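Dropping the structure in here first, questions after.
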Amino acid sequence: MPTISSPATVLVTGANGYIGLWAVLELLARGYTVRGAVRSASKVDVLAALVARKQPDAIHRFTGYVVPDITAPGAFDDAVKGADGVVHTASPVSPPVDDPEVYIRPAVEGTVGILASALKTNVQRVVIVSSIASIASGTVAPPGVYTEEQWNEQAIKTVEEQGKAAPRIIKYNASKTLAERAAWAFLDKHKAEAKFDLCMINPSWVFGPLADDTLPSPSALPATPSHFYNMLFAADRPVALEDREPQCLNYVDVRDVTEMLIRALEVPEAGGERIIANTEAVKWEEWLLANQELKLLPSLETVDPTAAKEHPPHVFFANDKSKRIFGIKLRNVRDTFKDAVEDFRSRGWLKHLEA
């Protein structure tokens, strides 16, 4: 199966996003030439300046591209021309409306669009960031172990039956499921002409430090690190632990996701595979226990160590395949918590907890 290695050229879509920016910087650090696709010229300027600060010796290997609408036909044609690999992290922006098609259509068209553009080139490997949401809805699925063999049929069925009345998160989950299925169907339809193969990475909740040093305040955080901050550190965080949702969640460190994305470009066995990116299922008490053990923020809530590790019946997304194919050692709760705290502290976002 085709793979690539440094100093090949890689297009990263959503290059200024939480995962995308980590991918850009790490690829550059490993000697790759990187193209970063974002939605406007002003975002290219900000991204290029950030790369110059973070990777000054590699700025000559970075080029920004403007892709205003990732759902437009041929949106990525210019950006992908001449690239060897693609890491697709971009997701269309869906407004909070009732119509499920507002979620589903852009997700499907954006995902298929990058493959359609790659089909016209000599790209060797495309890696797409999907989600565990395309496997199961962690908040409503029956407790148990879920693997890459499963699909979130429940979300699709709920949206079909309830339409506009379906919960917003289920509409999102259905959109991720249908987008990923559309990607595999597109590749199957064009397998005779495609020079590339596909790897799908399905992360759980993604936590950890941020590569973006331009964020002015916690209110500017991307979705998952925002939830992490709001549940653990915000001044107005829920007082009762039982009010912090979800009670038990699957998580993975953003740097481990980044590592999987790069190895997915490089490892032959990753071609043609869906691969879950997940560390473990944890409760909020376990993050607070990590704080107690590391003695980072004394004013945070304290928890009983034994109770903190007692889990209710829950969903777990198996990580055996990622460990086998990528040989990766995943960061644990303490690692992720410590580095996130250091990051937030350096930005001045934890002063209210250090007084």
Side-chain angles (χ1 to χ4, degrees), residues 1-14 19-20 22-35 61 76 79-89 111-112 114-132 134-135 147-151 179-204 252-279 317-331:
M1 292 182 175
T3 60
I4 68 170
S5 59
S6 171
T9 297
V10 179
L11 168 65
V12 179
T13 72
I19 297 172
W22 272 108
V24 166
L25 295 174
E26 191 58 32
L27 284 163
L28 288 170
R30 299 186 190 193
Y32 284 92
T33 295
V34 178
R35 300 174 179 180
R61 288 188 277 109
F76 295 104
V80 79
K81 194 179 299 179
D84 303 294
V86 175
V87 174
H88 182 57
T89 77
T111 302
V112 171
I114 188 65
L115 298 178
S117 291
L119 194 65
K120 306 169 188 175
T121 72
N122 291 314
V123 163
Q124 297 294 295
R125 175 68 60 87
V126 176
V127 181
I128 295 179
V129 177
S130 182
S131 170
I132 55 168
S134 70
I135 295 170
T147 74
E148 291 87 352
E149 300 301 315
Q150 292 160 286
W151 289 88
E180 187 183 336
R181 276 201 165 151
W184 291 114
F186 178 92
L187 191 59
D188 184 62
K189 179 180 178 181
H190 296 280
K191 58 187 174 185
E193 56 193 294
K195 300 180 179 70
F196 63 88
D197 58 11
L198 175 64
C199 178
M200 200 72 63
I201 301 295
N202 300 68
S204 53
V252 64
D253 192 290
V254 65
R255 295 160 295 180
D256 291 335
V257 176
T258 303
E259 184 65 32
M260 290 189 205
L261 293 176
I262 296 174
R263 294 193 191 186
L265 292 169
E266 300 174 337
V267 175
E269 293 78 10
E273 298 289 347
R274 305 174 84 199
I275 303 174
I276 290 169
N278 183 45
T279 302
F317 293 89
N319 54 24
D320 310 66
K321 192 172 182 178
S322 66
K323 293 177 180 178
R324 173 172 54 82
I325 291 179
F326 297 136
I328 190 169
K329 186 177 185 299
L330 298 163
R331 290 171 173 84

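All values below come from the heavy atoms of this structure, side chains included, with hydrogens, waters and symmetry mates left out. Everything numeric here is computed off the predicted structure, so don't read it as measured data. Just so you know, residue 1 is the first one in the sequence shown, and it goes up from there.
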Expected output: side-chain Asn278 to main-chain Asn319 donor-acceptor under 3.5 Å: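 No, Asn278 side chain to Asn319 backbone: no donor-acceptor pair under 3.5 Å.
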
Contact summary for Gly82 and Thr9, nearest pair of heavy atoms: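 Shortest heavy-atom contact: O-CB, 4.4 Å.
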
If you round to the nearest 0.5 Å, how far is CG of Leu330 from CD of Glu259?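 Here the rounded value is 10.5 Å.
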
For the atom pair OG1 (Thr147) and CZ (Phe317), what is the distance rounded to the nearest 0.5 Å?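 Spacing of OG1 (Thr147) from CZ (Phe317) equals 10.5 Å.
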
Distance check, rounded to the nearest 0.5 Å: Trp22 atom CH2 versus Asp253 atom CG?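 Interatomic distance, Trp22 CH2 to Asp253 CG, rounded to 0.5 Å: 8.0 Å.
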
Looking at every non-hydrogen atom in both residues, tell me the closest pair between Pro203 and Val252 and how far apart they are.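 So the minimum-distance heavy-atom pair works out to CB-CG1, 4.3 Å.
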
Can you find a pair of side-chain heavy atoms, one from Tyr32 and one from Ile4, that are under 4.5 Å apart?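 In contact.
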
Answer whether the closest heavy-atom distance between the side chains of Phe326 and Ile201 falls below 4.5 Å.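 They are in contact (side-chain heavy atoms under 4.5 Å apart), so the answer is yes.
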
Please test Asp320 against Lys323 for salt bridge (charged side-chain N to carboxylate O under 4.0 Å, His left out), starting from the C-alpha separation and ending with a verdict. CA-CA 5 Å; Asp320 310 66; Lys323 293 177 180 178; over 6 Å; no

Give me the atom names and distance for the closest heavy-atom approach of Met200 to Ser130.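 Looking at all heavy atoms of both residues, the shortest contact is CG-CB, 3.6 Å.
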
Close side-chain approach of Ile328 and Met260, heavy atoms under 4.5 Å: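 Yes, close enough: below the 4.5 Å cut-off.
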
Going by heavy atoms in the side chains, are Ile262 and Leu27 under 4.5 Å from each other?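 SC-SC contact between Ile262 and Leu27 confirmed.
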
Shortest non-hydrogen contact between Arg274 and Ile135, atoms and distance: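 Nearest pair, atom of Arg274 first, then Ile135: NH2-CG1, 3.4 Å.
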
Evaluate side chain to side chain contact (heavy atoms under 4.5 Å, CB included) for Leu119 paired with Leu115, printing each intermediate quantity in order. CA-CA 6 Å; Leu119 194 65; Leu115 298 178; over 6 Å; no

Short side-chain to backbone donor-acceptor contact, Glu273 and Ala270, under 3.5 Å: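 Not confirmed, Glu273 side chain does not pair with Ala270 backbone.
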
Drop me the distance from Lys321's NZ to Ile275's CD1, to the nearest 0.5 angstrom.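 Reported to 0.5 Å precision, the distance equals 6.0 Å.
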
If every non-hydrogen atom of Gly14 is compared with every non-hydrogen atom of Thr89, which pair is closest and at what distance?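 Here Gly14 and Thr89 meet closest at O-OG1, 3.3 Å.
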
Taking all non-hydrogen atoms of both residues into account, name the closest pair between Leu265 and Val86 and its distance.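 Looking at all heavy atoms of both residues, the closest pair is CD2-O, 3.9 Å.
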
Would you confirm whether Arg35, through its side chain, and Lys81, through its main-chain N or O, come within 3.5 Å as a donor-acceptor pair?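 Yes.
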
Taking the side chain as every heavy atom from C-beta outward, state whether Ile114 and Leu11 have any atom pair closer than 4.5 Å.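 Yes - at least one pair of side-chain heavy atoms lies under 4.5 Å apart.
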
Test salt bridge (charged side-chain N to carboxylate O under 4.0 Å, His left out) applied to Glu26 and Arg30, step by step: CA-CA 6 Å; Glu26 191 58 32; Arg30 299 186 190 193; 2.8 Å; yes

Please tell me if the side chains of Ile19 and Val254 come closer than 4.5 Å, counting only heavy atoms from C-beta onward.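 In short, these two side chains touch, coming nearer than 4.5 Å.
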
Tell me, do Glu266 and Thr3 make a side-chain contact under 4.5 Å, heavy atoms counted?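 No, side chains not in contact.
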
Look at the side chain of Asp197 and the backbone N and O of Gly272, then say whether any donor-acceptor pair between them is shorter than 3.5 Å.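 Not confirmed, Asp197 side chain does not pair with Gly272 backbone.
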
Do Asn202 and Ser134 meet the criterion of a side-chain donor-acceptor pair at a distance under 3.5 Å?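 Yes, side-chain donor-acceptor contact under 3.5 Å.
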
Around atom CD of Glu149, are there more than 12 heavy atoms of other residues, nucleotides or ligands at under 6.0 Å?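 Open.
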
Distance, nearest 0.5 Å, that separates CD of Gln124 from CG of Asp84: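 Rounded to the nearest 0.5 Å, the CD-CG separation comes to 7.0 Å.
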
Any chance you could measure Glu148, atom CD, to Ser322, atom OG, to the nearest 0.5 Å?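 Interatomic distance, Glu148 CD to Ser322 OG, rounded to 0.5 Å: 7.5 Å.
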
Is the backbone of Pro2 close enough, under 3.5 Å, to the side chain of Arg125 for a donor and an acceptor to pair up by distance?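 The answer is yes, because a donor-acceptor pair under 3.5 Å joins these two groups.
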
